[in-house]
Amino acid sequence: SMLTRSLILKGSALGPVQRLIRESRMFRPLVRRFIAGDSLDDAMEASHAVLAKGQTVSLDYLGENTKSEAEALSAKSTYTTMLNRIAQDAAFKCSTAPDYKAGEVENLNISIKLTQCGLDQGDDFAEKNYRDVLSVAAAQGNFVRVDMEASEYTERTIKMVEKVHQDFPNTGTVVQSYLYRTPDDVEWAIEKQIRVRIVKGAYLEGPKVAHQEKSKVDEAYVSCAKRLLDSANYPAIATQDEKIILELNRYVGEKNIDRKSFEYQMLYGIRRDLQDSLLKEGYRVRVYVPFGDSWYPYFTRRLAERPANSLFILKSLFRG
C-alpha cells in the first residue's frame, strides 16, 4: 500500500537504519540483487549478460544531489567514461544515427540525474555539464536519458531538457504518473517529440502534488502510457506491474501498434521472468542497470516499491 511505502521511505532515512543496512554484511546479497556492483567494470559485466539474452540496457551511475561543483564535475567525468567504454566495446557499438521510426535503437545508453550534474549548485552550471555529456554521446551515436527526481525538480528538469534538446536531440527524460501534472507533461513530450520514459514515481510526495492512492497512480499510468503509445517518439514503458503490462499489450494489439515503436523497461534484478516472457512475445525490453557506491537512496526506493523485501530484512534482524 501507499502507507507501507511511506513508512519504509521515512524509516529508511533514519540514521541508525541507514548505518545498519550500509554496514551489515547480512544485507549485501539483497543490495546486489538490485545493484550490479560498485564499479563500472561490474556494470559492464552485468550489461553483457543482459545483452546476451537479447535485451538492451540503460546504465545508471548512482548518486544525486551533489554537494559541490567538484563532486558534480567528478560525476560528469564518470558519465563520459561510461560513454567511452560503451563506444569501445564491440558488443555495444551504437548506430551513428539511430532511427527510432525504423526500429534502430542504441543497445546500451545511459541515464543521468541533473542534481548529479550540479543542479543544486545552479542551473547554468548543471546545463553546461549536461551539454558536455551529450556532446560526447552525440559523437558516438548514443542517447542520454535524464532521470526525473523529486517534484521540486520537475519543472526545472522539463525546461532544461526542452532547451537542450533543440541542440541535442539525443536526449530525453522521464514522467511520473503519480504527479497531477503528468498528463500535461505527456502532451509536452508528444508535441516536442522528446523521448520519455513513464514510471509510477518512487519519491515520497504529498497530496498537493501527487496521487496518494495506488489505484489512482495506476489509473493515471495506464492512461498516460496509452497516450504515449499512440503518438510519442519511441516511448519507454517502465513497469514491473504485470496487470498493467497485460492491459497495455492488449491495447497495442487492438490499435495495431508496431511493437518496435516503443520499449518496455524494467529494473535490474526484478521480474526476470516477465522480462524474458515479453522478449519471447516480440516486445523490446531494456534493463535499467545501476552501479556505484552511492546506492542507498536507490536501494530504499526499491524496497518501498516491494515491501516483501523489507519483510525479508526484518526477519533477518530477528534471526540475527
Side-chain angles (χ1 to χ4, degrees), residues 28-64 74-96 98 100 103-113 116 133-134 136-147 170-174 195 197 199 234 236-240 260 262-280 283-295 297-299 301-302:
R28 294 305 289 178
L30 188 57
V31 172
R32 289 303 295 265
R33 174 181 170 180
F34 297 123
I35 295 153
D38 289 345
S39 71
L40 179 55
D41 286 339
D42 293 331
M44 294 299 281
E45 183 180 346
S47 297
H48 273 278
V50 172
L51 188 70
K53 295 171 68 175
Q55 299 160 342
T56 55
V57 173
S58 191
L59 207 55
D60 173 41
Y61 172 53
L62 293 169
E64 51 199 76
S74 176
K76 179 179 75 170
S77 176
T78 299
Y79 293 154
T80 56
T81 298
M82 290 160 62
L83 289 165
N84 289 330
R85 280 285 298 276
I86 292 166
Q88 291 161 9
D89 192 322
F92 296 123
K93 288 284 186 183
C94 295
S95 163
T96 53
Y100 310 113
E104 292 182 22
V105 295
E106 66 290 334
N107 57 16
L108 199 166
N109 60 36
I110 72 170
S111 294
I112 70 173
K113 288 183 173 65
Q116 206 174 13
V133 174
L134 284 171
V136 173
Q140 299 167 350
N142 212 338
F143 176 81
V144 176
R145 175 98 58 189
V146 174
D147 282 336
N170 61 315
T171 194
T173 190
V174 179
R195 282 173 64 181
R197 170 200 296 145
V199 300
Y234 198 69
I237 311 300
T239 181
Q240 282 80 225
K260 287 185 167 50
F262 70 98
E263 64 186 27
Y264 280 110
Q265 292 194 359
M266 296 194 178
L267 299 171
Y268 179 76
I270 299 178
R271 291 306 308 265
R272 294 187 183 104
D273 58 329
L274 195 50
Q275 295 171 18
D276 293 342
S277 66
L278 282 169
L279 200 65
K280 287 176 184 174
Y283 292 97
R284 288 182 163 174
V285 178
R286 188 178 298 274
V287 178
Y288 188 87
V289 177
F291 75 98
D293 55 12
S294 299
W295 49 264
Y298 176 89
F299 176 70
R301 290 195 290 270
R302 299 295 77 80

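For clarity, every value in this text was computed on a predicted model and none was experimentally measured. The basis for the numbers below is simple: all heavy atoms, side chains too, and nothing from hydrogens, waters or symmetry mates.
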### Message
Has Q275 got a side-chain atom pairing as donor or acceptor with G269's backbone, closer than 3.5 angstrom?
### Response
no
### side-chain contact (heavy atoms from CB on, under 4.5 Å) between L40 and L59, worked out
CA-CA 9 Å; L40 179 55; L59 207 55; 3.9 Å; yes
#### Entry: Basic-acidic side-chain contact under 4.0 Å: R145, D60
no
### Summary
To the nearest 0.5 Å, atom CG of L267 lies from atom CD of Q240 at 4.5 Å
#### Entry: Nearest non-hydrogen partners of S47 and V57, listed with the distance
OG-CG1, 3.6 Å
### Query
Does the ring center of Y268 lie less than 6.0 Å from the ring center of Y288?
no
#### Entry: NZ/NE/NH1/NH2 to OD/OE distance under 4.0 Å, R197 and E263
no
### Task
Run the numbers on L83 and Q140 for side-chain contact (heavy atoms from CB on, under 4.5 Å), then give the verdict.
CA-CA 8 Å; L83 289 165; Q140 299 167 350; 3.5 Å; yes
#### Entry: Closest heavy-atom pair and its distance - G292, L62
O-CD1, 4.3 Å
### Query
Is there side-chain contact between V105 and K260, with heavy atoms separated by less than 4.5 Å?
no
### Task
Report the distance from atom CZ of F34 to atom CD1 of I270, rounding to the nearest 0.5 Å.
4.5 Å
### Message
Within the 3.5 Å criterion, strictly below it, is a donor on T81 or N84 matched to an acceptor on the partner's side chain?
### Response
no
### Task
Starting at NZ of K76, measure out to CD1 of I112 and round the result to the nearest 0.5 Å.
11.0 Å
### Query
Which heavy atom in Y283 sits nearest to a heavy atom in Y264, and how many Å separate them?
CD2-CE1, 3.8 Å
#### Entry: D89 side-chain N/O to R85 backbone N/O, donor-acceptor pair under 3.5 Å
no
### Message
Looking at V133, is its backbone amide N or carbonyl O close enough to the side chain of T80 to form a donor-acceptor pair, meaning the two atoms are under 3.5 Å apart?
### Response
no
### Query
Within the side chain of N142, is there an N or O that forms a donor-acceptor pair under 3.5 Å with the backbone of L108?
yes
### Query
Which heavy-atom pair separates N109 from S58 by the least distance, and what is that distance?
OD1-OG, 2.8 Å
#### Entry: For V289 against A36, the heavy-atom pair lying closest together
CG1-CB, 3.7 Å
### Message
For the residue pair N107 / T56, report whether a side-chain donor-acceptor contact shorter than 3.5 Å exists.
### Response
no
### Query
By ring-ring contact (aromatic ring centres under 6.0 Å, His included), which residues pair with Y79, not counting sequence neighbours?
none
### Between CZ on residue R195 and OG1 on residue T173, distance to nearest 0.5 Å
12.0 Å
### Query
Considering only heavy atoms from C-beta outward, does the side chain of R271 approach that of D273 to under 4.5 Å?
yes
### Task
Find the distance between CG (D147) and CD (Q116) and round it off to the nearest 0.5 Å.
9.0 Å
### Message
Quick check for you: to the nearest 0.5 Å, what is the distance between Y61 atom OH and S77 atom OG?
### Response
9.0 Å
### Query
Could you walk me through whether E106 and N170 pass the side-chain contact (heavy atoms from CB on, under 4.5 Å) check?
CA-CA 11 Å; E106 66 290 334; N170 61 315; over 6 Å; no
